[in-house]
Asks: 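My questions all concern the structure below.
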Amino acid sequence: MKSKKVIIISAIVLAVVAALVVFLVLSKKDAYRILKIFEVEGQANVSREGKGDITPYANMVLESGDKVSLDTGKLSIQADEDKFIYLEENSEIQLNASGSSKNSKTNIELIKGSITNDIKNKLSDDSSYDINTPNSTMSVRGTVFFVTIYEIDGVKYTRICVFEGAVATKLVYKDGTESDNEVSVPKGKEVTIYEDGTTTDYVSEPTDIDYNTLPDNVLELLIEINDDGKELSITNPEIKRILEGPYYVTFMYDKKEFGTQTVNKGDKATVPSLSPASSGGWDFDFDTPIDRDTVIEWK
């Protein structure tokens with residue numbers, strides 16, 4: 001009788017321990033966030049506080065606070081199962097992440113260059129995904145968008161192009177404070193923000209994306225995302241024509257279309273046989289190979 005009690009008690013204890021182990025494993029699994037280098041080729045670097053520079057490799061686990069830079073080649077980062085960050089060449093970000101896979105907080109400081117973001121699933125109510133640049137901040141729930149920062153003649157610019165969903169943007173002033181007003185950039189639109197030392201503002205209201213000015217590898221990435229089943233703001237045939245041609249050359253006189261030419265990629269436009277006026281000329285170097293749709297005006 002005594003041995004039976006011992007066996008029963010032992011079985012109960014084992015069952016409790018097994019249940020506790022399962023609970024802990026499931027809890028740990030639920031709390032785990034994937035944060036890693038997804039793919040890397042070329043010259044790249046991870047700078048980690050206390051450890052210095054580390055050469056990144058595929059599946060390398062990243063830590064919050066890491067600075068990731070790409071000089072040449074390509075590099076992408078996976079955050080959780082469904083968030084991907086693609087760096088352009090000559091780009092650097094600082095990655096700050098916290099929370100679990102169910103309440104993830106992802107914050108990216110774009111230090112220089114450009115990134116494309118692909119958030120495949122809508123974020124939970126307890127999650128956030130934000131990007132900061134020197135003159136703006138943006139937050140999303142689930143979208144595909146491109147962000148680049150650059151400087152011309154001392155003026156700092158941030159360009160945001162949205163291919164799916166919407167991105168909420170705010171100005172960040174020189175003293176670090178944010179504007180009260182939020183501008184939402186919807187699918188198929190872009191905005192540019194400038195800061196000239198005294199003023200921080202939007203160049204204009206959201207306008208149609210100028211896809212011809214996007215880097216080729218961003219367009220190639222959009223083809224892959226479309227192939228995964230998303231319906232972006234541009235179709236694959238439209239992207240392929242931007243990448244491969246043929247291109248349309250439009251000749252404008254007095255703000256009206258004077259004529260058009262269809263030119264293969266790398267070929268040159270030809271001077272129209274007829275001129276729209278007795279004085280003036282086409283404002284274009286006809287020795288320039290055509291690599292996009294082009295408008296040439298009579299000056």
Side-chain angles (χ1 to χ4, degrees), residues 41-42 70 72-74 86-91 113-116 118 144-153 157-164 185-192 194 203-228 230-299:
E41 293 178 9
L70 176 67
T72 59
K74 60 182 179 179
Y86 300 86
L87 276 70
E88 293 297 297
E89 292 186 338
N90 301 310
S91 297
S114 314
I115 56 173
T116 301
D118 179 12
V144 180
F145 65 108
F146 169 79
V147 184
T148 184
I149 57 177
Y150 56 97
E151 186 172 322
I152 300 176
D153 297 331
Y157 294 92
T158 297
R159 180 188 180 193
I160 305 155
C161 302
V162 181
F163 311 114
E164 183 199 46
V185 186
K187 174 179 177 178
K189 300 291 184 178
E190 66 169 275
V191 292
T192 300
Y194 75 94
V203 172
S204 68
E205 296 292 321
T207 58
D208 291 342
I209 297 172
D210 184 358
Y211 296 98
N212 287 290
T213 59
L214 292 174
D216 284 358
N217 55 321
V218 172
L219 295 170
E220 290 163 357
L221 175 61
L222 296 183
I223 290 177
E224 295 179 15
I225 296 173
N226 271 328
D227 285 340
D228 285 341
K230 287 198 173 184
E231 294 183 2
L232 302 182
S233 54
I234 184 170
T235 65
N236 284 356
E238 291 171 329
I239 296 172
K240 289 177 179 177
R241 195 183 73 78
I242 293 173
L243 290 171
E244 302 170 5
Y247 304 114
Y248 305 130
V249 177
T250 304
F251 295 90
M252 301 293 293
Y253 172 70
D254 196 24
K255 298 182 181 179
K256 297 178 182 178
E257 185 180 304
F258 178 76
T260 61
Q261 292 178 10
T262 301
V263 181
N264 291 325
K265 184 174 184 176
D267 290 348
K268 299 173 183 177
T270 58
V271 180
S273 56
L274 298 176
S275 298
S278 57
S279 61
W282 296 112
D283 187 22
F284 187 74
D285 179 2
F286 284 90
D287 287 329
T288 303
I290 299 298
D291 61 359
R292 65 189 63 189
D293 290 345
T294 304
V295 175
I296 300 174
E297 295 186 358
W298 182 271
K299 297 290 186 179

Asks: Walk me through whether Ile149 and Tyr157 qualify under side chain to side chain contact (heavy atoms under 4.5 Å, CB included).
Replies: CA-CA 6 Å; Ile149 57 177; Tyr157 294 92; over 6 Å; no
Asks: How close do Val203 and Tyr194 get, counting heavy atoms only, and between which atoms?
Replies: CG2-CD2, 3.9 Å
Asks: Do the ring planes of Phe258 and Tyr253 sit parallel (below 30°), tilted (30 to 60°) or perpendicular (above 60°)?
Replies: perpendicular
Asks: Any side-chain to backbone donor/acceptor pair from Arg159 onto Val147? Under 3.5 Å, distance only.
Replies: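 No; judged by distance alone, with no hydrogens or angles, the pair does not exist.
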Asks: In Å, rounded to the nearest 0.5 Å, how long is the span from CD of Glu220 to CG of Leu243?
Replies: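 These two atoms lie 5.5 Å from each other.
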Asks: Once you round to the nearest 0.5 Å, how far does CG of Leu219 lie from OG1 of Thr116?
Replies: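 Those atoms lie 9.5 Å apart.
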Asks: At what distance, to the nearest 0.5 angstrom, does CH2 of Trp282 lie from CD of Glu297?
Replies: 9.5 Å
Asks: At their closest point, which heavy atom of Ile223 faces which heavy atom of Lys240, and how far apart are they?
Replies: CD1-CG, 4.0 Å
Asks: Just how far is it from atom CD1 of Ile225 to atom CD of Glu231, taken to the nearest 0.5 Å?
Replies: 14.0 Å
Asks: Do Tyr247 side-chain atoms and Ile242 backbone N/O form a donor-acceptor pair below 3.5 Å?
Replies: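 Yes, because the side chain of Tyr247 sits within donor-acceptor range (under 3.5 Å) of the backbone of Ile242.
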Asks: Answer whether the closest heavy-atom distance between the side chains of Lys74 and Tyr86 falls below 4.5 Å.
Replies: no
Asks: For the residue pair Ser204 and Thr207, what are the closest heavy atoms and their distance?
Replies: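 Closest approach of Ser204 to Thr207: OG-CG2, 3.7 Å.
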Asks: Could you tell me which non-hydrogen atom of Gly266 sits nearest to which non-hydrogen atom of Pro289, and how far apart they are?
Replies: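 It is O-CB, 3.5 Å.
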Asks: Under a 3.5 Å threshold, yes or no: a donor from one side chain and an acceptor from the other, between Glu238 and Thr235?
Replies: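 A donor-acceptor contact under 3.5 Å links the two side chains.
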Asks: Verify the distance criterion only: is there a donor paired with an acceptor across the side chains of Glu257 and Thr250 at less than 3.5 Å?
Replies: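 There is no such pair between these side chains.
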Asks: For the side chain of Lys189 and the backbone of Val162, is there at least one donor-acceptor N/O pair under 3.5 Å apart?
Replies: no
Asks: Taking the side chain as every heavy atom from C-beta outward, state whether Thr213 and Arg292 have any atom pair closer than 4.5 Å.
Replies: yes
Asks: Side chains of Arg241 and Tyr248, heavy atoms from C-beta outward: is any pair under 4.5 Å?
Replies: yes
Asks: Going by distance alone, is a donor N or O of one side chain under 3.5 Å from an acceptor N or O of the other, for Asn212 and Asp293?
Replies: no
Asks: Can you check whether Ile160's main-chain N or O pairs, donor with acceptor, with Glu190's side chain at less than 3.5 Å?
Replies: no
Asks: Any chance you could measure Phe146, atom CZ, to Ile115, atom CD1, to the nearest 0.5 Å?
Replies: 9.5 Å
Asks: Does the ring center of Phe286 lie less than 6.0 Å from the ring center of Phe284?
Replies: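 When the ring centroids of Phe286 and Phe284 are compared, they turn out to be within the sub-6.0 Å range.
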Asks: Is the backbone of Val249 close enough, under 3.5 Å, to the side chain of Thr294 for a donor and an acceptor to pair up by distance?
Replies: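 Side chain of Thr294 to backbone of Val249, a donor-acceptor pair under 3.5 Å: no, none is there.
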Asks: Hey, does the side chain of Asn217 reach the backbone of Glu88 with a donor-acceptor pair shorter than 3.5 angstrom?
Replies: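 Flag not set: sc Asn217 to bb Glu88 has no pair under 3.5 Å.
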Asks: CD1/Ile234 to NZ/Lys187 distance, rounded to the nearest 0.5 angstrom?
Replies: 12.0 Å
Asks: Any chance you could lay out the side chain to side chain contact (heavy atoms under 4.5 Å, CB included) test for Thr192 and Tyr150, step after step, and finish with the verdict?
Replies: CA-CA 11 Å; Thr192 300; Tyr150 56 97; 4.0 Å; yes
Asks: Before giving the answer on side chain to side chain contact (heavy atoms under 4.5 Å, CB included), spell out for Leu221 and Phe163 the whole-Å C-alpha distance, their side-chain angles and the decisive distance to 0.1 Å.
Replies: CA-CA 12 Å; Leu221 175 61; Phe163 311 114; over 6 Å; no
Asks: Looking only at heavy atoms, what is the nearest atom pair of Lys230 and Asp118, with distance?
Replies: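 Heavy atoms only, the tightest pair is NZ-OD1, 3.2 Å.
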Asks: Please walk me through it: do Asn226 and Ile239 pass side chain to side chain contact (heavy atoms under 4.5 Å, CB included)?
Replies: CA-CA 11 Å; Asn226 271 328; Ile239 296 172; 4.1 Å; yes
Asks: What's the shortest heavy-atom distance between Lys265 and Glu244, and which atoms?
Replies: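 For Lys265 versus Glu244, the nearest heavy atoms are CB-O, 3.5 Å.
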